[in-house]
Visitor: 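Dropping the structure in here first, questions after.
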Amino acid sequence: MAEVAQTKASFSAVCVERCGGICCDPWWGIISYPVVKEGGLENISVFRADVLKGIRARLQRITDAYKTSEAPQRPLFGTPEKYNVIVKDIRATGEVLTINLIAMFAFKCRFLSDDKSCSIHPSITGRDIRPPHCGWLGAPEARQGERGYCRIIDDAGSGDEAAIARAIEAERKASAKSLAEGVASAEEAAQKVVDTIRGWCATNSPNLLPVERPAEPGRNDPCWCGSGSKFKRCHGR
Ligand code: SF4
Ligand code: SF4
């Protein structure tokens, strides 16, 4: 292992021998996007349907984009194993809610082998038929914040075994946390988002919550307005 840790050029070996393909197992598809809701949460079921539609659209975008470049193309991903849609922040301006969501989908790549290596890695196929993002993974020269940066690869270049182990542990924990917080379907994810926004409104903007109407009294019951008249002769007319 020592020689693996000494050079960044051996990053594929670090991926397989040390890391075990954390970034491909599961592979996290992540998209951030805003949702704007006018008129508060008056119609929760319509809002939930909109959130669900948005989640499904992002999921479709990822599965459409991640295919091999050969002919015919083969998709990398099927149905996600988990859906983790996070409400990053919420803003209320008058009756307009602006919600920023981060949609994360945990995929099992159909090209990930049992030994956690990539079965269509160029070292095996002799050419790169993977979508571009796969080629960026663990770019040895990428700096933090740049495309393809991986802290494990970066630490492997330093040769510091303890730092590599810490980086692997941190990546594992982050992925496991997101998996544990995820749910099994887009519908559940949408419901979680709606519950979070409802809870936020209850604390921060109760005026945006749906108005709870009192149950309608019977026709001969006293009217709810306190007039003393029967409902049918008062507000029930
Ligand atoms: S790029 Fe980084 S996270 Fe991905 S398999 Fe390699 S070492 Fe692991
Ligand atoms: S094709 Fe290979 S590199 Fe890309 S996600 Fe699948 S296993 Fe990972």
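Each ligand, and each atom within it, is numbered from 1 in the order the structure gives.
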Visitor: Which bit of I153 gets closer than 4.0 Å to ligand 1, counting heavy atoms only: side chain, backbone, both or neither?
Guide: side chain
Visitor: Please round to the nearest 0.5 Å and tell me the distance separating atom CZ of R233 and atom CG of N220.
Guide: 8.0 Å
Visitor: Near R130, which atoms of ligand 2 are under 4.0 Å from a heavy atom of that residue?
Guide: 3 (S)
Visitor: Which atoms of ligand 2 have any heavy atom of C134 under 4.0 Å away?
Guide: 1 (S), 3 (S), 4 (Fe), 5 (S)
Visitor: Determine whether more than 12 heavy atoms belonging to other residues, nucleotides or ligands lie under 6.0 Å from atom NZ of K177.
Guide: no
Visitor: Which residue supplies the protein heavy atom nearest to atom 6 (Fe) of ligand 2, what is that atom called, and how far is it?
Guide: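 Minimum-distance protein heavy atom for atom 6 (Fe) of ligand 2 reads C109 SG, 2.3 Å.
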Visitor: What atoms of ligand 1 come within less than 4.0 Å of a heavy atom belonging to C19?
Guide: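 That gives atoms 3 (S), 5 (S), 7 (S), 8 (Fe) of ligand 1.
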Visitor: Do any N/O/S atoms of C23 come under 2.8 Å of atom 4 (Fe) of ligand 1?
Guide: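 Within the cut-off used here (under 2.8 Å), C23 does place an N, O or S atom near atom 4 (Fe) of ligand 1.
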Visitor: Where the closest heavy atom to atom 7 (S) of ligand 2 is concerned, which of G29, C118, S113 has it?
Guide: C118
Visitor: Could you tell me which atoms of ligand 1, counted from 1 in the order shown, lie closer than 4.0 angstrom to a heavy atom of C15?
Guide: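 Selected atoms, number and element: 1 (S), 5 (S), 6 (Fe), 7 (S).
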Visitor: For R61, what residues pass the side chain to side chain contact (heavy atoms under 4.5 Å, CB included) criterion, not counting sequence neighbours?
Guide: I31, R58
Visitor: Identify the closest protein heavy atom to atom 5 (S) of ligand 2: which residue and atom is it, and at what distance?
Guide: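 The answer is W27 CD1, 3.5 Å.
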Visitor: Going by heavy atoms in the side chains, are C134 and I120 under 4.5 Å from each other?
Guide: no
Visitor: Just so I know, are the side chains of F231 and P222 near enough to count as touching, which here means a heavy-atom distance under 4.5 Å?
Guide: no
Visitor: Mind checking whether C150 contacts ligand 1 via backbone (N, CA, C, O), side chain (CB onward), both or neither, at a 4.0 Å heavy-atom cut-off?
Guide: side chain
Visitor: Hey, what's the ring geometry for H133 with W27, parallel, tilted or perpendicular (30° and 60° as the breaks)?
Guide: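 The rings of H133 and W27 stand perpendicular, inter-plane angle above 60°.
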Visitor: Students should be able to answer this: which protein heavy-atom is nearest to atom 8 (Fe) of ligand 2, and at what distance?
Guide: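 Checked against all protein heavy atoms, atom 8 (Fe) of ligand 2 sits closest to C24 SG, 2.4 Å.
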Visitor: Would L41 and R198 count as a side chain to side chain contact (heavy atoms under 4.5 Å, CB included) here? Give the steps.
Guide: CA-CA 8 Å; L41 299 180; R198 231 183 150 139; 4.0 Å; yes
Visitor: With sequence neighbours left out, which residue pairs that include part of residues 68-94 fulfil the salt bridge (charged side-chain N to carboxylate O under 4.0 Å, His left out) condition?
Guide: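 Residue pairs passing salt bridge (charged side-chain N to carboxylate O under 4.0 Å, His left out), neighbours aside: E70-R74.
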